[in-house]
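Everything on this sheet refers to the single structure shown next.
Counting begins at 1 with the first residue of the sequence.
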Amino acid sequence: YAAEVKLDSTAAIVNSGIILESELNAEESRIVKIASQKGVKLDDISARTQAMENLITRTILLQIAEQQGFDLNDMQVDQALAQTAERNNTSVKEILKQFGPNASEAQQRANFKNEFIINEDLRREKKLMKIKKLLATGLATAMAVTTLAGCGSTTDNNASQSAGTDSAAGSTQAAASNDDVTTITI
């Protein structure tokens, strides 16, 4: 009889996702290496806890992105890799090495894809938060103008429009401070 060999085991289950013991070990090694490079000594429990927290967070973010229908096909991964390499003045091979120096190219590409999806999802979330903030600011302006109008203040249509409210159309506009969003109309 051949000796029994344990291939891998489950470290955690996050909703419908599984975090493998090998993934946890690799993340723990990565965290210890980064801490060591920064001159920080982490004890085993802290490193393992941080690794597990990172993997759980990553798994949840990927699940959210999947629920929202965000995914990349192979051609899009190739494009993202090429753009990342160009932006960092390096090669695609060097970029992939950062996503698992001892991993296969397929695993490196999968790791890159997951990180890209997470970062893209976080960028979209930041934009959404900016939009919500602008909408709240615009609605507050609209309420202030409405309150002033209700108190008997005399405002003409041009003054209302310059304050961000078009009373004829019943909409509020807010201009963004960066180029991500120029105008929001509700």
Side-chain angles (χ1 to χ4, degrees), residues 5-38 40-136 176-182 184 186:
V5 177
K6 188 174 183 178
L7 298 176
D8 213 340
S9 61
T10 302
I13 297 174
V14 182
N15 299 322
S16 61
I18 296 173
I19 296 172
L20 298 174
E21 193 71 32
S22 60
E23 293 173 306
L24 180 58
N25 292 338
E27 181 67 8
E28 181 179 5
S29 295
R30 188 185 73 78
I31 287 169
V32 168
K33 181 180 175 183
I34 290 170
S36 173
Q37 290 171 346
K38 293 181 178 183
V40 176
K41 175 82 170 115
L42 279 180
D43 62 272
D44 292 342
I45 293 173
S46 296
R48 192 110 176 133
T49 301
Q50 187 175 348
M52 182 60 82
E53 288 173 358
N54 289 356
L55 290 172
I56 289 170
T57 301
R58 184 177 299 140
T59 301
I60 290 169
L61 289 171
L62 287 169
Q63 289 172 352
I64 290 169
E66 182 181 339
Q67 288 171 353
Q68 294 174 347
F70 187 69
D71 195 16
L72 298 175
N73 61 35
D74 287 340
M75 193 166 68
Q76 291 169 319
V77 171
D78 290 339
Q79 264 184 328
L81 275 166
Q83 289 171 352
T84 303
E86 184 178 330
R87 195 171 41 249
N88 290 291
N89 201 26
T90 190
S91 69
V92 168
K93 252 188 186 348
E94 288 301 313
I95 295 295
L96 286 175
K97 279 184 189 177
Q98 297 172 19
F99 291 90
N102 300 323
S104 68
E105 185 177 336
Q107 187 58 51
Q108 290 171 334
R109 288 175 59 83
N111 293 344
F112 173 84
K113 176 183 173 179
N114 288 342
E115 288 303 313
F116 187 86
I117 288 171
I118 289 169
N119 289 332
E120 199 58 34
D121 195 45
L122 291 173
R123 274 191 285 276
R124 287 189 307 187
E125 188 64 30
K126 281 183 179 179
K127 284 182 183 179
L128 182 59
M129 294 305 291
K130 285 180 185 177
I131 290 170
K132 286 180 179 179
K133 187 175 180 180
L134 290 169
L135 287 173
S177 59
N178 59 32
D179 2 318
D180 290 340
V181 181
T182 51
I184 302 166
I186 59 168

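The line from CD1 of I95 to CD of E86 is 11.5 Å long, rounded to the nearest 0.5 Å. A distance of 6.5 Å separates CZ of F116 from OG1 of T84, quoted to the nearest 0.5 Å.
Evaluation of the salt bridge (charged side-chain N to carboxylate O under 4.0 Å, His left out) rule for K97 yields E94 as partners, not counting sequence neighbours. By the side-chain contact (heavy atoms from CB on, under 4.5 Å) test, E23 is found to be paired with I19, L20, L55, residues two or more places apart in sequence or in another chain being considered. Annotation: side-chain contact (heavy atoms from CB on, under 4.5 Å) contacts of R30 (sequence neighbours excluded): E27, I34, N54, R58. Contacts of A110 classified as side-chain contact (heavy atoms from CB on, under 4.5 Å), with partners at least two apart in sequence or in another chain: Q107. Evaluation of the salt bridge (charged side-chain N to carboxylate O under 4.0 Å, His left out) rule for E21 yields R48 as partners, not counting sequence neighbours. E66 is linked by a salt bridge (charged side-chain N to carboxylate O under 4.0 Å, His left out) to nothing, counting only residues two or more places apart in sequence or in another chain. With sequence neighbours excluded, no residue forms a side-chain hydrogen bond (donor to acceptor under 3.5 Å, both in side chains) with Q83. By the side-chain hydrogen bond (donor to acceptor under 3.5 Å, both in side chains) test, N102 pairs with no residue at all, sequence neighbours left out. Scored by the side-chain contact (heavy atoms from CB on, under 4.5 Å) test, T10 finds I13, I18 as partners (sequence neighbours excluded). With sequence neighbours excluded, the residues satisfying salt bridge (charged side-chain N to carboxylate O under 4.0 Å, His left out) with E120 are R123. Every residue two or more places apart in sequence or in another chain was checked for a side-chain hydrogen bond (donor to acceptor under 3.5 Å, both in side chains) with T49, and none qualifies.
At distances below 3.5 Å, at least one donor-acceptor pair connects side-chain atoms of Q63 with backbone N or O atoms of V14. At least one donor-acceptor pair under 3.5 Å links the side chain of K113 to the backbone N or O of L72.
Within 6.0 Å of CD1 on I45 lie no more than 12 heavy atoms contributed by other residues, nucleotides or ligands.
Under the side chain to side chain donor-acceptor pair (under 3.5 Å) criterion, the residue pairs touching residues 72-82 are D78-R109, with sequence neighbours excluded.
Between A47 and I31, the shortest heavy-atom contact is O-CD1, 4.2 Å.
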